[in-house]
Chemist: 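Dumping the structure here so I can ask a few things about it.
One-based numbering, in listed order, for ligands and for the atoms of each. Side chains are part of it too, since the values below use all heavy atoms of this structure and drop only hydrogens, waters and symmetry mates. Predicted, not measured: the structure shown is a model, and the values here were computed from it.
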Amino acid sequence: MSTPPEATAKPLHKNEVLKAESNYLRGHILQDLSDPSTGTISEDSAQLTKFHGVYPQDDRDLRNQRRKEGKEKAYIFMARVRVPGGVCTPKQWLTLDALADSHANGTLKITNRQAFQFHGILKGNLRPAIREVNRVLMDTLAACGDVVRNVMCNPNPHLSSLHAETLEIARAVGRHLSPHTRAYHELWVEDRLVGGGDPEEDAEPIYGKTYLPRKFKIGFAIPPSNDIDVFANDLGFIAVADDKGRLAGFTITVGGGMGMSHNQVETYPRLAEVLGFCRPEQVVEVAEKIVTVQRDFGDRTDRKHARFKYTVADRGLVWIRNEVERRLGWELGTPRRFEFTDTGDRYGWTEGPDGSAHFTLFIENGRVKGDVKTALREIASVHTGDFRLTPNQHLMIASISPENRPRIEGLLRKHGLDTANRATGLRLNSMACVALPTCGLALAESERYLPELVTQLDEAVESAGLRDDAIVIRMTGCPNGCGRPFLAEIGFVGRSPGKYNMYLGAAFNGSRMNTLYKASLATAEIIPLTQGLLKRYAAERLDGERFGDFSIRVGLVKPTGTAADFHSGPAGASDS
Ligand code: SRM
Ligand code: SF4
């Protein structure tokens with residue numbers, strides 16, 4: 001593992017020392033979890049438990065009251081269960097459903113990277129909950145932390161014949177880039193953290209002792225769907241078919257990311273750029289080498305500058321490609337042409353050639369609770385196929401056998417879920433991050449506010465005749481960008497309680513970012529302003545023109561951050 005000379009000029013960030021001295025992610029986690037004097041864990045352990053998929057939080061709704069009462073914050077934990085490619089079994093669903101009630105806040109959150117989150121777990125319930133997750137062959141390892149996160153993949157088994165192969169490759173990449181440390185098993189599965197660890201068993205051949213400078217995100221897109229928002233990923237693979245429709249390989253993209261900080265221009269969201277092409281059997285090796293380039297050259301002195309997007313921006317695509325090829329010992333191919341149509345989900349029924357069927361259900365912001373939770377429990381009890389979490393926080397009940405379909409249709413009807421997908425095109429294309437009350441970084445509401453805002457906008461949508469027009473609207477409670485707001489045709493980013501920056505002009509297919517339209521709007525201003533824009537769009541749009549494109553054409557904003565140039569690799573070239 002080489003250390004670039006320039007990286008030694010500034011002192012390492014303290015997290016680098018913490019990781020190096022943590023004995024492969026053990027640190028003092030066990031002692032902190034066993035400490036009955038507090039409901040939380042120390043700051044150092046909080047950094048390390050992220051690698052185990054666990055975040056200490058507190059219920060922010062209760063902060064003031066607890067302060068007045070002189071009590072410590074209402075500490076709780078979030079645990080993220082990774083689900084490679086978003087596929088899980090009915091048995092796994094039932095286990096998570098029960099755990100949400102017995103050990104968490106009674107809800108399950110489907111994230112926009114095809115994982116599950118439990119919120120509201122008390123410290124004493126953490127280990128039993130995670131042990132139970134592992135019992136059904138799922139885990140929380142590397143769901144957070146400075147490692148490769150849950151690898152995403154388009155969830156639709158019959159959207160394309162490329163799907164099954166691509167899903168397997170995505171899973172192989174996830175397995176290959178999983179941390180090796182035994183600490184996770186000792187702590188959460190076997191419930192015995194052995195102090196020393198075994199240096200040989202623990203060794204991290206890819207990551208080393210200090211893992212990566214920052215989180216690293218990988219996704220697989222299958223055109224024409226860009227549901228995973230491939231350009232928001234550190235590393236993306238875009239499936240390419242040969243002229244017989246078989247998987248020929250992948251166009252590789254690098255350097256995407258959404259996060260920024262308000263008023264800090266040196267931080268910015270960035271679209272990934274096209275790096276090259278590789279064949280299916282080369283993907284795991286390519287992913288590993290790209291990750292090691294970031295391991296060795298990513299900024300370990302400043303965590304706000306530590307994502308791969310900054311390494312790519314600072315060093316340039318040519319340098320990155322040369323370095324990756326040097327490590328591979330062979331040259332990447334010429335990127336192939338790809339066309340994306342949209343970033344949304346295909347709701348409702350789709351049918352496979354074998355007679356099996358799939359039902360994609362709209363779940364607002366991925367929060368599974370109340371009647372929806374009950375319905376899905378009943379469906380999981382009879383379903384013989386699988387569940388697929390979508391990158392837009394929704395759920396596909398997949399591979400429903402012809403015999404079982406009437407029962408599942410009956411259950412959907414019984415709980416009114418057969419009509420959930422009849423919401424307006426605006427709501428069906430809405431996405432919010434979690435934000436309050438659990439997210440410690442939230443500056444404003446998001447998951448609890450966007451549904452209400454959409455309801456207020458729906459009237460204008462209906463009266464302007466836009467009911468069935470898909471318009472991508474996203475909100476986040478802060479500029480970290482979890483809801484990928486900079487890729488929304490209408491994006492809201494929280495600044496302070498009740499105030500949002502409004503962005504317009506992203507491409508419907510996720511290939512162009514939006515631009516700041518108005519800063520620090522109060523919610524009372526947002527509603528009439530957005531209603532007016534929607535009405536104007538309905539009246540003035542060109543035939544087939546998307547809202548994001550319209551915003552640019554009529555001069556509401558200037559376009560920025562386009563990936564359009566990347567859509568033109570030489571079609572059919574095969575030099576890899
Ligand atoms: Fe995120 C941090 C929730 C997708 C960029 N994200 C957080 C934390 C863990 C807050 C924290 O660090 O204390 C949030 C937990 C809130 C809670 O109470 O649950 C959180 N992020 C989420 C989820 C659950 C949003 C959702 O509603 O679906 C998504 C979980 C995905 C998963 O399963 O792994 C989630 N986060 C994203 C995405 C979208 C994506 O990856 O496609 C992004 C933008 C893409 C990117 O990474 O650039 C994203 N999250 C961030 C950042 C900014 C990172 C940066 O380097 O710029 C943070 C803050 C940080 O890491 O310091 C963050
Ligand atoms: Fe929290 Fe900000 Fe991410 Fe929303 S965007 S979940 S507020 S970190």
Chemist: For ligand 1, would you mind listing the residues that have at least one heavy atom less than 4.0 Å away, ordered by chain and number?
Modeler: Tyr55, Gln57, Met78, Arg80, Lys109, Thr111, Asn112, Arg113, Ala115, Gln117, His119, Arg214, Lys215, Lys217, Gly257, Met258, Gly259, Arg307, Gln393, Ala432, Cys433, Val434, Thr438, Cys439, Leu441, Asn480, Gly481, Cys482, Arg484
Chemist: Can you tell me if Asp345 and Thr360 form a side-chain donor-acceptor pair at under 3.5 Å?
Modeler: no
Chemist: In terms of side-chain heavy atoms, does Arg171 have a donor or acceptor partner in Thr166 at a distance below 3.5 Å?
Modeler: no
Chemist: Between Thr390 and Asn392, is any side-chain donor less than 3.5 angstrom from a side-chain acceptor?
Modeler: no
Chemist: Measuring from atom CD1 of Ile320 to atom CD of Glu273, what distance do you get when rounded to the nearest 0.5 angstrom?
Modeler: 9.5 Å
Chemist: List-wise, which protein N, O or S atoms are found short of 2.8 Å from atom 1 (Fe) of ligand 2?
Modeler: Cys439 SG
Chemist: In terms of side-chain heavy atoms, does Arg131 have a donor or acceptor partner in Asn134 at a distance below 3.5 Å?
Modeler: no
Chemist: Using distance alone, with no hydrogens and no angle criterion, decide if Thr476 and Ser446 have a side-chain donor and acceptor under 3.5 Å apart.
Modeler: no
Chemist: Considering only NZ, NE, NH1 and NH2 on the basic side and carboxylate oxygens on the acidic side, decide whether Lys373 and Asp371 come within less than 4.0 Å.
Modeler: no
Chemist: Assess, by modelled atom type and distance only, whether the side chains of Arg80 and Thr140 contain a donor and an acceptor separated by less than 3.5 Å.
Modeler: no
Chemist: Cut-off 3.5 Å, side chains only: do His305 and Asp314 have a donor facing an acceptor?
Modeler: yes
